[in-house]
Amino acid sequence: MTIYSAKNWINGAFFSSASLSISINPATYERIGDYPDDGGAAAGSAIDAASLAFRGTAWAHDAQLRAKVLDQMALAIERNRDSLIDILSLD
């Protein structure tokens, strides 16, 4: 079985953590993977980065940019649909 490792995406970069929590398949009690458990510190950093990006870029005023990014996200989800279904159904 593949063990997955998630990371936080903050300010355009992936971050891991010394503090990891384990995700368990509730049906089999097998380990699915791990994820950063940074709590409020990581959340605060992500909020600060998002706030700066919102105020400091064209994001707030450029509907075409927002649409383009959302379209790219949708395409990425569709491209990885089967893998996402497999992983999320374990959790």
I need the [X] [atom1] to [Y] [atom2] distance, nearest 0.5 Å.
X	Y	atom1	atom2	result
Asn80	Asp86	CG	CG	11.5 Å
Ser16	Tyr35	OG	OH	13.0 Å
Asp38	Ser21	CG	OG	9.5 Å
Leu84	Glu78	CG	CD	11.0 Å
Leu90	Tyr4	CG	OH	7.0 Å
Gln72	Ile77	CD	CD1	12.0 Å

Review point. Going hydrophobic residue to hydrophobic residue with side-chain gaps under 4.5 angstrom, can you get from Ile22 over to Tyr29?
Key: yes
Side chain to side chain donor-acceptor pair (under 3.5 Å) pairs touching residues 39-54, sequence neighbours excluded, are Ser51-Arg55
Here the side chain to side chain donor-acceptor pair (under 3.5 Å) pairs for residues 57-69, sequence neighbours left out, are none
Notebook entry, point to check: Would you say Ile3 and Arg31 make side-chain contact, with heavy atoms under 4.5 Å?
Noted result: yes
**Note, Met73 side chain near Val69 side chain (heavy atom, < 4.5 Å)** = yes
### Message
Looking at Ile10, is its backbone amide N or carbonyl O close enough to the side chain of Asn8 to form a donor-acceptor pair, meaning the two atoms are under 3.5 Å apart?
### Response
no
Give a yes or no on whether the backbone of Ile32 and the side-chain of Ser23 come within a donor-acceptor separation of less than 3.5 Å. no
Heavy atoms of Ala6 and Pro36 approach each other most closely as O-CD, 3.2 Å
Taking every heavy atom of Ala58 against every heavy atom of Leu65, the minimum-distance pair comes out as C-CD2, 4.3 Å
Practice problem: Would you please say whether a donor-acceptor pair under 3.5 Å links the side chains of Asp37 and Ser19? | Solution: no
